[in-house]
Amino acid sequence: MRAFAHWVRAAFVVLGAFLAIAAPAAAQAYLNDIPSPEEIEAAFPIAGEGDARLDAAARQEAAFSYFSTIIYRAANKRSKPMTFTPQEQALYDALSDQPKARIRADLGFPPRLCGPDKTCQKYEDLVIDYSWRNKKMSAPLNREIEAAFGLNQKDPRSAALGWTILFMWIAAPVAGFLLARPWGVIYSGEIGSIGSGVVMEGGGLFRMAEVRRNHLQIGRRKIGDFVMTQRMADALDDAAGTGGPVKLGIGRVLHLRWLLSVAAAGRTERAHAGGALLRQIVLIPFFSLVAAVLALIVVSIFAGPYIALAAAFFFIGAGVGQFLTNLRAWMGV
């Protein structure tokens, strides 16, 4: 489990860096479609006298409420508990409390509660009707708002958010895949030195003796800790004894490097497909799916479902990349 925790921590560092760039873009994209308070006032001016002025003011406040609701729903859908970004908070305030207080002041009403003022109460009823309660009033007003600002009636937040989310869902597994580095598994050159080793007895579902070396110098490259079966350790020693060029296929499970193939003097030795390779084929998808599920649960608490799904895709991509890394290392050159 320590190996799993180590790998997950490393992956979360890369994932965090990716989300630090992608998540804010996803959170802010739809704000480009929200008009300014001045634009809303110009599209729905308060004019006339008496009931006509009251009706016009209610329509304007309902228009402000239309756009502040978009921001509220977007933030609520993205994060639990709901959290506004600084840009969302500033625009939400400019479209909710501020215009409401200004309109009520212009009409001569109290800033919050109407009290016994029947005209004020009538105004509040009109605002509620235009906002959502009376469909015969709210539906035509919503169509006017959408037409005035060129909004898509089905999704007024714009396609920009959808494209940003799609980019995240594609980029996240690609980032995880690149983290596994499936191209950097073949090491070529003469073996300069092989570090001291220790034999360990593996545990769990697949038990086998493993040999861990603390370093390996091949050509100009130096490899840190790596693990192999006893059979592959013997093949490595034989290859080093030839004194000629050697090609090593070194894969990875979690944070441990595994020697899976040795090619020297025209011969290639591979780890048993039913032993070390099979164990990796089982472990990699298992840990990848576990990490994906944990990311989906944890990230959804703080960042909402879209970003949580991207986090899950990241670990699935990392699992696929590590699976291909080991397969290529086992096949060798």
Side-chain angles (χ1 to χ4, degrees), residues 3-4 6-7 10-11 173-174 176-192 194-195 197-242 244-291 315-333:
F4 175 58
H6 180 92
W7 184 74
V174 171
F177 182 84
L178 296 178
L179 176 67
R181 300 180 67 251
W183 60 85
V185 298
I186 307 300
Y187 298 78
S188 304
E190 294 184 2
I191 295 179
I194 303 177
V198 58
V199 178
M200 303 176 298
E201 180 69 23
L205 181 62
F206 301 96
R207 299 183 63 87
M208 65 177 70
E210 301 165 353
V211 178
R212 177 177 292 189
R213 301 277 188 171
N214 60 11
H215 83 274
L216 171 68
Q217 184 77 38
I218 177 168
R220 296 182 177 181
R221 304 181 69 177
K222 186 174 182 179
I223 304 169
D225 286 345
F226 66 103
V227 182
M228 68 204 101
T229 62
Q230 185 62 59
R231 176 170 173 270
M232 296 308 296
D234 294 339
L236 178 62
D237 290 336
D238 292 343
T242 64
V246 177
K247 293 184 185 295
L248 305 179
I250 300 180
R252 184 185 290 269
V253 174
L254 304 180
H255 73 295
L256 288 176
R257 292 184 176 91
W258 278 80
L259 178 63
L260 296 177
S261 67
V262 177
R267 293 182 54 194
T268 300
E269 292 286 344
R270 295 185 177 89
H272 283 306
L277 184 64
L278 178 60
R279 180 165 65 171
Q280 294 170 45
I281 289 174
V282 172
L283 286 177
I284 292 171
F286 172 76
F287 284 125
S288 176
L289 289 175
V290 169
F315 286 104
I316 292 175
V320 171
Q322 200 164 89
F323 180 86
L324 294 179
T325 294
N326 287 280
L327 185 61
R328 183 164 182 255
W330 181 79
M331 294 176 66
V333 179

- Decide yes or no for M232 and V262: does some side-chain heavy atom of the first lie under 4.5 Å from some side-chain heavy atom of the second? yes

- Message: Among residues at least two apart in sequence or on other chains, which ones pass side-chain hydrogen bond (donor to acceptor under 3.5 Å, both in side chains) with D237?
- Response: none

- Any side-chain donor-acceptor pair under 3.5 Å between Q322 and N326? no

- Message: Checking the side chain of W330 only, and the main-chain atoms of A271 only, is there a donor and an acceptor separated by less than 3.5 Å?
- Response: yes

- Taking every non-hydrogen atom, the tightest pair across Q217 and H215: N-CD2, 4.3 Å

- Task: Report the residues that fulfil side-chain contact (heavy atoms from CB on, under 4.5 Å) with V185, sequence neighbours left out, ordered by chain and then residue number.
- Result: T325, R328, A329

- Closest non-hydrogen atoms of R257 and Y187, given as atom of the first, atom of the second and distance, are NE-OH, 4.3 Å

- Note on the structure: Rounding to 0.5 Å, atoms CD1 (I223) and CZ (R213) come to a distance of 13.0 Å

- N/O donor-acceptor pair under 3.5 Å between S288 side chain and F315 backbone: yes

- Query: Is any side-chain heavy atom of L248 closer than 4.5 Å to a side-chain heavy atom of F226?
  - Reply: no

- salt bridge (Lys or Arg N to Asp or Glu O under 4.0 Å) filter on R221, not counting sequence neighbours, yields none

- Note on the structure: Sorted by chain and number, sequence neighbours left out, salt bridge (Lys or Arg N to Asp or Glu O under 4.0 Å) with D238 holds for none

- Message: Could you report the tightest heavy-atom contact between V246 and A239, atom names first, then the distance?
- Response: CG2-O, 3.8 Å

- Sequence neighbours excluded, the answer for side-chain contact (heavy atoms from CB on, under 4.5 Å) partners of E190 is none

- Task: Nearest 0.5 Å please: distance from the CD1 atom of I250 over to the CD1 atom of I186.
- Result: 9.0 Å

- Query: Is there a donor-acceptor pair under 3.5 Å between the side chain of R270 and the backbone N or O of M331?
  - Reply: yes

- Task: Kindly write out the residues that satisfy side-chain contact (heavy atoms from CB on, under 4.5 Å) with L178, not counting sequence neighbours, or none if the list is empty.
- Result: V174, W183

